[in-house]
Asker: 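Submitted below is the structure of interest, expressed as structure tokens.
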There are 4 protein chains.
Amino acid sequence: MARAARVSIGTVYHYFRSKEAILERILGEEMARRRGFLEDLRRHGASLEAQIRAIAEDHFALIRERKHLARLLLREWLDPTPGLRVNLQKIHDEIAECLAQIIRDGIAVGQIQSRDPVLVAHAMLGAMEAVSLRVLAAGKGALCPVDKAAEELSTFLWTGLCQPSS
Amino acid sequence: MARAARVSIGTVYHYFRSKEAILERILGEEMARRRGFLEDLRRHGASLEAQIRAIAEDHFALIRERKHLARLLLREWLDPTPGLRVNLQKIHDEIAECLAQIIRDGIAVGQIQSRDPVLVAHAMLGAMEAVSLRVLAAGKGALCPVDKAAEELSTFLWTGLCQPSS
Amino acid sequence: MARAARVSIGTVYHYFRSKEAILERILGEEMARRRGFLEDLRRHGASLEAQIRAIAEDHFALIRERKHLARLLLREWLDPTPGLRVNLQKIHDEIAECLAQIIRDGIAVGQIQSRDPVLVAHAMLGAMEAVSLRVLAAGKGALCPVDKAAEELSTFLWTGLCQPSS
Amino acid sequence: MARAARVSIGTVYHYFRSKEAILERILGEEMARRRGFLEDLRRHGASLEAQIRAIAEDHFALIRERKHLARLLLREWLDPTPGLRVNLQKIHDEIAECLAQIIRDGIAVGQIQSRDPVLVAHAMLGAMEAVSLRVLAAGKGALCPVDKAAEELSTFLWTGLCQPSS
DNA sequence: TATGAATGAGTATTCATTCAT
DNA sequence: TATGAATGAATACTCATTCAT
């Protein structure tokens with residue numbers, strides 16, 4: 001991992017206690033940023049559809065601009081150390097709760113139909129992550145370029161939320 | 001990996017050239033099975049909604065019953081060798097095409113609104129994979145158990161397909 | 001450590017779970033041997049003095065003939081992993097108890113004066129180990145060659161046991 | 001090691017050329033102190049037994065009060081750099097010679113029986129070091145606390161010196 | 001055909017040492 | 001003189017792969 005950062009081994013361990021500590025930090029910062037983003041979004045009072053689209057766009061921006069980071073996080077997410085797993089869970093739940101708030105707003109004004117905002121939030125996050133995973137893994141020959149994927153997914157998510165099937 | 005399959009190391013290398021070859025085989029078989037499943041589904045002429053739900057259910061059955069395999073594949077999916085990457089891409093495209101056929105059927109009868117069935121198919125597969133990833137990674141403390149995730153995702157996918165945003 | 005044994009890294013880990021496991025094994029075998037030696041000695045009924053001398057001689061034989069092993073054990077003894085520490089303690093206590101039995105025999109026939117055989121046994125073992133440490137560390141230019149050290153220490157130990165100071 | 005001394009790394013290397021130099025200095029000072037202690041002891045003309053007991057007590061005081069230092073020195077003693085080994089040897093020989101002088105005094109007045117005072121001195125030092133090693137390594141669950149070890153060893157050493165085996 | 005002992009490149013981590021400020 | 005960020009050799013351990021039986 002030191003090589004990946006173009007830093008000498010010792011330098012890494014001068015700043016971090018362990019690999020786990022590094023990941024915790026990176027992860028913590030990204031998730032704090034994302035949380036702030038979600039809270040701002042809600043506060044600014046854009047239309048619900050715009051909010052949903054912004055969230056998807058933000059998610060894909062991470063992949064577009066910081067591919068290595070995204071890859072790293074996904075890999076650790078699959079095989080976390082025990083300490084890290086707890087952290088990941090907690091962070092994810094916080095993000096989901098922020099998204100759930102937005103969904104509750106939508107329910108309150110009758111735009112969204114759902115009985116379980118938290119679960120729907122998790123499903124949406126999951127869907128975004130999944131599509132990201134696809135895009136990350138696809139490499140050069142990807143069917144859908146990142147931007148198109150974001151656009152398509154936004155529509156998909158928004159529609160899924162708005163109108164319950166009969 | 002040999003231990004996981006309860007076979008001796010030597011035996012594995014007697015039948016397979018390398019780890020990559022093993023993954024290729026496993027993956028190929030699973031994807032062939034899934035493709036068959038999708039084609040059967042379409043041929044049997046169930047309602048579109050039932051088809052979508054069956055697809056999601058089938059996806060989650062894989063996770064529920066062969067968790068180790070699913071984890072392994074996901075990990076390799078993140079960091080494939082060049083040869084494997086091409087294969088994964090090809091397989092995925094085939095599956096997506098099958099799903100796209102079902103979506104086209106829906107468009108033909110006016111139940112589904114979409115301009116790009118292939119892209120939507122990829123988004124759906126991506127969403128399913130992402131949610132699976134969530135469930136796989138979550139371990140014990142998972143918010144949504146596998147079954148609930150499948151049910152929720154089905155509804156979500158179906159709704160997303162059916163009703164165009166205003 | 002693999003290099004020290006002239007074996008490839010992988011081979012070592014094929015046979016042992018960890019460094020700790022290796023040390024546990026080596027240590028266990030040596031201590032079992034020593035324990036057997038002490039029990040045989042007592043059973044054979046040689047004079048007490050002969051027994052004490054034999055013990056010292058046996059101790060130095062280890063150093064003379066298996067210097068690397070002795071060094072390794074001493075190093076780990078100074079900085080054991082938690083699991084190993086417990087083991088070392090237990091093994092040492094067993095050896096000390098065997099020696100204490102011999103000392104109790106001496107007390108019974110009036111040849112040895114002591115109120116606390118176990119503590120004396122530990123002191124004797126400690127003295128032997130300490131002198132070994134000296135010899136091990138001394139390298140080439142050692143003042144006392146191994147054999148002379150053994151002889152001198154035997155006399156010292158035996159005298160120390162026999163006659164209480166006024 | 002710098003952390004242990006509550007000094008900055010740079011400062012340490014400002015005053016010392018290397019780790020070896022630090023150890024040489026610490027060791028040199030401790031040994032000079034001990035040598036002074038032994039010479040004083042002899043000059044003060046206490047009884048021989050009192051001298052022996054004082055030596056053992058002094059040795060254990062080092063361990064009791066500067067455990068970290070003692071541990072460090074022992075570790076280096078097992079694996080010294082070539083330069084350090086020579087130094088250690090020299091220092092030890094000097095200390096042993098001081099102790100040998102005391103033993104010679106005892107021989108002169110008929111209280112001690114020995115043909116080789118230098119070798120006996122080395123054996124005594126060795127025994128003290130060995131028992132220290134025990135105490136250092138034992139950690140919490142030690143059989144003999146430091147004070148008891150010192151007392152017991154004193155008696156042992158003194159008796160060993162005084163009375164020749166039959 | 002089947003086995004598992006042997007291998008060594010790769011990874012996380014420690015620690016003595018250097019050097020620009 | 002004093003600092004601590006940067007370095008890299010060394011160590012414990014993992015894992016895909018080879019090969020003699």
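Proteins come first, then strands; the chains are lettered A, B, ... in the order of their sequence lines, and each starts at number 1. The structure displayed is predicted, hence computed values, not measured ones.
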Asker: Just to verify, which of E24(C), E20(C), K19(C) counts as forming a side-chain hydrogen bond (donor to acceptor under 3.5 Å, both in side chains) with T81(C)?
Answerer: E20(C)

Asker: Given atom NZ of K19(D) and atom C1' of dA10(F), what is their separation to the nearest angstrom?
Answerer: 13 Å

Asker: Find the distance R6(C):CZ to dT7(E):C1' and express it as a whole number of Å.
Answerer: 18 Å

Asker: Would you give the length of the straight line joining atom CZ of R85(C) to atom CG of L88(C), rounded to the nearest 0.5 angstrom?
Answerer: 8.5 Å

Asker: Rounded to whole Å, how long is the line connecting atom CD of E20(D) with atom P of dA16(E)?
Answerer: 13 Å

Asker: Nearest 0.5 Å please: distance from the CE atom of M31(A) over to the CZ atom of F37(A).
Answerer: 13.5 Å

Asker: Which one, dT7(F), dT1(F), dA2(E), comes nearest to the side chain of T11(A)?
Answerer: dT7(F)

Asker: How long is the line joining CZ of F16(B) and P of dT1(E), in whole Å?
Answerer: 13 Å

Asker: If the threshold is 4.0 Å, N to carboxylate O, is there a salt bridge linking E29(C) and R33(C)?
Answerer: no

Asker: How do G10(A) and Y15(D) order along DNA chain F: which one's closest nucleotide is nearer the 5' end?
Answerer: Y15(D)

Asker: Can you tell me how far P of dA20(F) sits from NE2 of H14(B), to the nearest Å?
Answerer: 16 Å

Asker: Given dA12(F), dT3(F), dG8(E), which nucleotide is nearest the side-chain atoms of S8(D)?
Answerer: dT3(F)

Asker: Specify the residue among Y13(C) and S18(B) whose closest nucleotide of DNA chain F lies further upstream toward the 5′ end.
Answerer: Y13(C)

Asker: Calculate the interatomic distance between I9(B) atom CD1 and dC19(F) atom P; express it in whole Å.
Answerer: 15 Å

Asker: Any strand counts, and the cut-off is 3.5 Å on both contacts for Watson-Crick or G-U wobble. Which nucleotide pairs with dT21(F)?
Answerer: dA2(E)

Asker: Rounded to the nearest Å, what distance is computed from the CG atom of residue L23(D) to the P atom of nucleotide dC15(E)?
Answerer: 15 Å

